[in-house]
Amino acid sequence: MTDSTFHHGEAATAQAPIVEMRNIEKHFGNIIALAGVSFDVRPGECHCLLGDNGAGKSTFIKTMSGVHKPTKGEILFEGTPMKFDTPRDAMEAGIATVFQDLAMIPLMSVARNFFMGREPTKGRGLFKRFDVDRANEITMTEMRKMGINLRGPDQAVGTLSGGERQTVAIARAVHFGAKVLILDEPTSALGVRQTSNVLATIDKVRNQGIGVVFISHNVRHALAVGDRFTVLNRGKTLGTATRGEISPEELQDLMAGGQEMAQLEGSLGGTV
Ligand SMILES: Nc1ncnc2c1ncn2[C@@H]1O[C@H](COP(=O)(O)OP(=O)(O)O)[C@@H](O)[C@H]1O
Ligand SMILES: [Mg+2]
């Protein structure tokens, strides 16, 4: 896949962040998973969070999505300090997360998984019931928008490919009004073709003005869609670079542990 496949959100960095995380620390007993990480995401951009296994990526986005409370640091949502007590609080504010282990029920239909308790209803009072036809129609439409033509809304989620399942979760978040979409390693278990489909989906989401946080440990996947790149290493950020400021080799080196930090400081304009 070439860089020209995607349009990048050139204007994204000029806008105010939707979510801004300032000096976030997270300790689990003696373990310091995050030692002061700052990161923000703006409308219509894809901000990649890179780092090796154990770097703190999942802990960081769990803090952003209300699963963990930070030990220290501040979270601003649309410029206002926020405390998310539960993932539901974050979700209601418009922060949607697609976790690594997708919470889906393989034997259930795509439509049931799409709504998961948020089905549209028809009728009132005693006559209120799920509007199955409407739910089916919405599911088919939203999936088609993401480039997936289901055989039918009854198709079991278990019959979809890994990439298509990611797309169900992404389409669901978009349909329910996400302002920020956090994707934790959506491409790590996928083959080349499916990876390219998921990256194309990320691009569609970004083009709707949603801010995407894309977690990966694959530099190539990140470079294919990212507008900005932040590298985590053992709970610390090694800096944020903007597309065009950093080469694939430099990004790879940063991920490898920042041995070439001194050299890079120059080429990143001191943002490391
Ligand atoms: N609930 C937890 N309790 C204790 N340690 C944790 C917990 N969650 C993560 N950690 C530790 O925090 C560090 C970062 O983990 P994680 O955020 O999962 O990294 P990544 O997603 O980058 O692979 C690891 O050392 C991990 O063992
Ligand atoms: Mg992880």
Side-chain angles (χ1 to χ4, degrees), residues 19-41 46-75 83-91 95-104 162-163 165-166 169-170 173 180-191 194-195 198-199 201-202 211-226 228-241 246 250-259 261 272:
V19 178
E20 188 179 351
M21 314 277 289
R22 287 188 185 158
N23 297 313
I24 300 294
E25 291 187 26
K26 181 66 190 175
H27 306 175
F28 297 107
N30 290 330
I31 301 168
I32 300 176
L34 300 171
V37 177
S38 296
F39 181 98
D40 67 69
V41 59
C46 174
H47 192 159
C48 299
L49 186 61
L50 289 140
D52 243 327
N53 282 332
K57 304 183 297 298
S58 292
T59 303
F60 186 71
I61 58 109
K62 282 179 178 166
T63 307
M64 191 184 250
S65 62
V67 175
H68 294 317
K69 286 191 188 58
T71 308
K72 266 192 196 162
E74 199 177 21
I75 304 174
K83 276 207 173 68
F84 297 126
D85 287 324
T86 63
R88 166 139 279 189
D89 289 347
M91 213 165 81
I95 302 177
T97 312
V98 175
F99 287 105
Q100 234 161 342
D101 44 357
L102 289 176
M104 280 193 199
R165 270 186 234 193
Q166 288 286 340
I170 294 168
V180 171
L181 178 65
I182 302 170
L183 303 167
D184 194 0
E185 309 241 14
T187 54
S188 66
L190 305 180
Q194 288 190 47
T195 293
V198 170
L199 296 177
T201 303
I202 292 175
V212 179
V213 180
F214 173 29
I215 289 122
S216 181
H217 60 251
N218 187 311
V219 168
R220 283 192 315 116
H221 298 178
L223 282 166
V225 284
R228 288 194 294 158
F229 310 90
T230 293
V231 181
L232 274 189
N233 185 285
R234 295 192 209 161
K236 288 190 179 147
T237 168
L238 294 177
T240 298
I246 191 163
E250 287 169 327
L251 204 51
Q252 191 71 61
D253 283 347
L254 269 181
M255 284 213 23
Q259 293 97 328
M261 289 292 292
V272 174

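Since the model is a prediction, treat every value here as computed from it, not as a measurement. All ligand and atom numbering here is 1-based and tracks the order in the structure.
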Could you tell me, atom by atom, which parts of ligand 1 come under 4.0 Å of a heavy atom of [X]?
X	value
Asn53	23 (O)
Ala33	12 (O)
Asp52	22 (O)

Quick one: does atom 26 (C) of ligand 1 have a protein heavy atom under 4.0 Å from it?
->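 No, because not a single protein heavy atom sits under 4.0 Å from atom 26 (C) of ligand 1.
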Which atom pair, heavy atoms only, marks the closest approach of Leu238 to Leu254?
->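 Looking at all heavy atoms of both residues, the closest pair is CD1-O, 3.4 Å.
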How close do Asp184 and Ser58 get, heavy atom to heavy atom, and via which atoms?
->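 Heavy atoms of Asp184 and Ser58 come nearest at OD2-OG, 2.8 Å.
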Return the closest protein heavy atom for [atom] as residue, atom name and distance.
atom	answer
atom 8 (N) of ligand 1	Phe28 CE1, 3.5 Å
atom 15 (O) of ligand 1	Thr59 OG1, 3.8 Å
atom 11 (C) of ligand 1	Ile31 CG2, 4.3 Å
atom 18 (O) of ligand 1	Ser58 CB, 3.8 Å
atom 19 (O) of ligand 1	Gly56 N, 3.2 Å

Test applied, side-chain contact (heavy atoms from CB on, under 4.5 Å); reference residue, [X]; option that passes from [options]:
X	options	value
Thr63	Met21, Lys69, Glu25	Met21
Val219	Val231, Asp253, Ile246, Leu251	Leu251
Phe214	Val41, Leu50, Thr187	Thr187

Strictly under 4.0 Å, does any heavy atom of Gly51 approach an atom of ligand 1?
->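 Contact check Gly51 vs ligand 1: negative.
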Without swapping roles, check the side chain of Lys57 against the backbone of Leu232 for a donor-acceptor pair under 3.5 Å.
->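 Not at all, since once roles are kept as given, no pair shorter than 3.5 Å links the two residues.
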Give a yes or no on whether Ser58 keeps an N, O or S atom under 2.8 Å from the Mg ion (ligand 2).
->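 So Ser58 does bind the Mg ion (ligand 2) by this criterion.
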What's the spacing between Lys72 NZ and Lys26 NZ if we round to 0.5 Å?
->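 If I round to the nearest 0.5 Å, the distance is 13.5 Å.
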How many angstroms lie between atom CD1 of Ile95 and atom CD1 of Ile75, to the nearest 0.5 angstrom?
->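 Reported value, rounded in 0.5 Å steps: 7.5 Å.
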N/O of [X] under 3.5 Å from N/O of ligand 1, yes or no?
X	answer
His68	no
Ala55	yes
Gly54	yes

May I ask you to check whether Thr230 and His47 show a side-chain donor-acceptor distance below 3.5 Å?
->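 Checked: Thr230/His47 side chains pair up, N/O donor to acceptor below 3.5 Å.
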Using a distance-only test with no angle check, is there a side-chain donor-acceptor pair under 3.5 angstrom linking Ser216 and His221?
->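 No, because no side-chain N or O of Ser216 sits under 3.5 Å from a partner of the opposite role on His221.
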Tell me which part of Leu232 gets within contact of ligand 1: side chain, backbone, both or neither, using heavy atoms under 4.0 Å.
->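 It is neither part, as no heavy atom is under 4.0 Å.
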